[in-house]
Number of protein chains: 2
Amino acid sequence: MASEAEFLKGYDPGAYPAVAVTVDVVALTIRDGELCVLLVERAEHPFAGRRALPGGFVRGEGLDDAALRELQEETALGKVHLEQLRTYGDPGRDPRMRVFSVAYLAFAPGLPEPRAGSDAAGAAWVPVEQATGLAFDHDTILADGLDRARSKLEYTPLATAFVGDEFTIGELRQVYASVWGEELHAGNFHRKVLSVPGFVESTGATTARGGERGGPRAKLYRAGDAQLLHPALLRPAREDGVR
Amino acid sequence: MASEAEFLKGYDPGAYPAVAVTVDVVALTIRDGELCVLLVERAEHPFAGRRALPGGFVRGEGLDDAALRELQEETALGKVHLEQLRTYGDPGRDPRMRVFSVAYLAFAPGLPEPRAGSDAAGAAWVPVEQATGLAFDHDTILADGLDRARSKLEYTPLATAFVGDEFTIGELRQVYASVWGEELHAGNFHRKVLSVPGFVESTGATTARGGERGGPRAKLYRAGDAQLLHPALLRPAREDGVR
DNA sequence: TCGAGTTAATCTCAGCGTGAGGACAACATG
DNA sequence: CATGTTGTCCTCACGCTGAGATTAACTCGA
């Protein structure tokens with residue numbers, strides 16, 4: 001029986017049908033109280049001229065690194081939360097060849113306008129309700145990403161990835177309201193956030209002045225060290241239908 | 001500018017470095033009240049002789065179909081729940097070439113002994129605590145799969161995938177106890193399961209006789225049509241540590 | 001045949017988190 | 001200065017929770 005070293009020496013990677021692996025990123029941010037996703041306009045075939053999620057072929061790097069690279073090609077970003085969403089591999093989802101796409105989900109605080117990347121005619125933050133008719137199966141990927149984001153707000157401190165290093169409880173509440181698409185009771189939200197150990201910790205400081213239209217100075221907080229929220233901030237008013 | 005059809009005609013899939021995509025399956029079942037995972041012993045290099053998760057290269061099929069095929073090569077199974085876990089693609093995780101593995105999670109009711117498959121010297125159900133030292137990065141994949149399974153029990157009717165078509169509340173409680181590794185309060189569990197709309201529905205029948213060591217005949221239920229549990233069956237006694 | 005042990009199913013009770021609403025002070029705007 | 005807005009805190013009623021006790025049905029061994 002051949003040793004493992006001898007086996008590997010005689011192994012021919014080209015003996016199998018060619019497949020490719022890409023990463024596509026669902027990058028979310030909040031602009032003017034609205035949940036937005038980063039889209040590019042494809043410059044090349046296939047789907048030239050159509051809007052798509054930023055992404056590209058994986059090179060000699062790890063998957064997480066590839067997703068980060070693709071994201072940085074489109075927009076200048078500082079702190080960003082990145083996690084794998086799932087992988088899409090139906091035969092025929094890409095007309096060129098068999099392509100598997102590992103989708104990622106990214107969250108970042110409010111960002112400036114993106115810059116055009118190499119393989120994209122333009123990039124822009126688009127409100128999620130207007131992000132339809134995307135190339136490939138990106139409509140499906142986006143929908144899956146939104147589902148994941150909405151449910152992760154409930155039981156993880158993910159919302160802190162959407163705001164700056166220091167933030168007020170009101171800003172945090174705006175994040176939940178924007179992602180969930182519904183208003184939240186300010187008093188109850190305040191009580192619940194502060195009652196979850198490790199969610200936020202006080203900086204002792206307050207904002208320099210009150211809100212846009214009045215009100216007292218709000219206390220400032222930063223993200224705590226919790227990885228999971230106990231108890232969770234459950235999302236209200238779900239109909240007990242077929243879910 | 002060339003049309004999309006002309007572009008595709010001149011496209012050469014072989015112009016990129018060769019990569020491969022595999023599926024690996026974390027198949028879980030409960031045998032004698034113990035949570036077990038399906039493992040195979042690898043017959044060929046690399047990692048010949050080591051235990052591994054069942055899996056193999058994806059052919060011209062979809063990812064879900066590939067996972068189902070790999071599973072059926074190892075064990076005879078009837079009803080099975082299958083879902084994608086995540087994708088592992090670190091360079092170097094397979095010594096042959098760049099291999100991306102799409103991991104799947106499978107749940108099935110108590111099954112008979114598995115059969116040996118094509119590329120496996122043998123297959124066996126192994127209690128999860130004894131499933132260590134696996135080939136490739138399968139230790140990591142298994143750990144991720146167990147995490148997912150444990151948390152999905154809380155908010156989905158997944159536990160019904162571990163039992164037969166008709167089951168008692170006590171059998172369902174055994175599933176939760178086995179997967180979570182802790183005993184549950186029988187009275188509270190009973191009340192909570194029946195209070196969740198769509199989780200289980202009564203068949204009207206009861207078991208033919210009482211339990212092994214006595215007790216009344218238990219009522220029989222089958223799985224309901226709920227996709228998500230409201231309210232969730234939260235897992236008790238989590239320490240509020242660094243989670 | 002009868003008692004002991006086991007189990008399914010139900011009930012009770014104190015405690016906690018929840019949603020809803022209100023109170024109040026601090027602040028911006030006109 | 002008057003008015004409206006906002007952050008923070010409080011109260012209250014309701015529902016779910018965990019823990020324990022209770023009842024009835026059943027198996028097994030003496």
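Remember, it's a predicted structure, so these values are computed and weren't measured experimentally. The sequence lines fix the lettering, A, B, ..., with proteins before strands; numbering per chain opens at 1.
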| message | The side chain of B:Lys219 is closest to which nucleotide in this list: D:dA25, C:dA9, D:dC9? | response | C:dA9

| message | Please tell me if A:Arg173 has a side-chain N or O lying less than 4.0 Å from either OP1 or OP2 of D:dG7. | response | yes

| request: May I ask you to evaluate whether B:Arg213 reaches the phosphate of D:dC28, defined as a side-chain N or O under 4.0 Å from OP1 or OP2? | output: no

| Most 5' of A:Ile169 and A:Gly215 on DNA chain D, judged by nearest nucleotide | A:Gly215

| request: Rounded to the nearest angstrom, tell me the gap between atom CZ in B:Phe189 and atom C1' in D:dC16. | output: 16 Å

| query | When rounded to the nearest 0.5 angstrom, what is the spacing between OH in A:Tyr221 and CD in A:Glu166? | reply | 12.0 Å

| field | Protein-nucleotide distance (A:His230, atom NE2; D:dT17, atom P), rounded to Å | value | 15 Å

| Between B:Leu220 and A:Leu233, which has a closest nucleotide on DNA chain C that is more 5'? | B:Leu220

| How do B:Asn188 and A:Glu212 order along DNA chain D: which one's closest nucleotide is nearer the 5' end? | A:Glu212

| remark: Side-chain contact check for A:Pro231: nearest option of D:dG7, C:dA8, C:dT18 is C:dT18

| query | On DNA chain C, nearest-nucleotide positions of A:Ser195 versus A:Ala208: which is more 5'? | reply | A:Ser195

| Below 4.0 angstrom from OP1 or OP2 of D:dG20, is there any side-chain N or O of B:His185? | no

| query | The side chain of B:His190 lies closest to which of these nucleotides: C:dT7, C:dA25, C:dT10? | reply | C:dT10

| message | Could you tell me how far apart B:Glu183 (CD) and D:dA19 (P) are, to the nearest whole angstrom? | response | 13 Å

| request: Find the distance A:Arg217:CZ to D:dT5:C1' and express it as a whole number of Å. | output: 16 Å

| task | For B:Leu234 and D:dC16, give me the distance from atom CG to atom P, rounded to whole Å. | result | 13 Å

| Side chain of B:Arg191 (C-beta onward), nearest among D:dA19, D:dC9, C:dG19 | D:dA19

| query | To the nearest Å, how far apart are A:Leu229 CG and C:dG17 C1'? | reply | 15 Å

| query | Atom CZ in A:Arg31, atom OG in A:Ser178: separation rounded to 0.5 Å? | reply | 13.0 Å

| Between A:Arg222 and A:Asp165, is there a salt bridge with N-O shorter than 4.0 Å? | no

| query | For A:Tyr221 and D:dG7, what is the distance between atoms OH and P respectively, to the nearest whole Å? | reply | 12 Å

| Over how many whole Å does the gap from B:Lys192 atom NZ to C:dA9 atom P extend? | 17 Å

| No-hydrogen, no-angle side-chain donor-acceptor test under 3.5 Å, A:Tyr88 and A:Asp144 | yes

| field | From CZ (B:Phe136) to CG (B:Leu134), nearest 0.5 Å | value | 11.0 Å

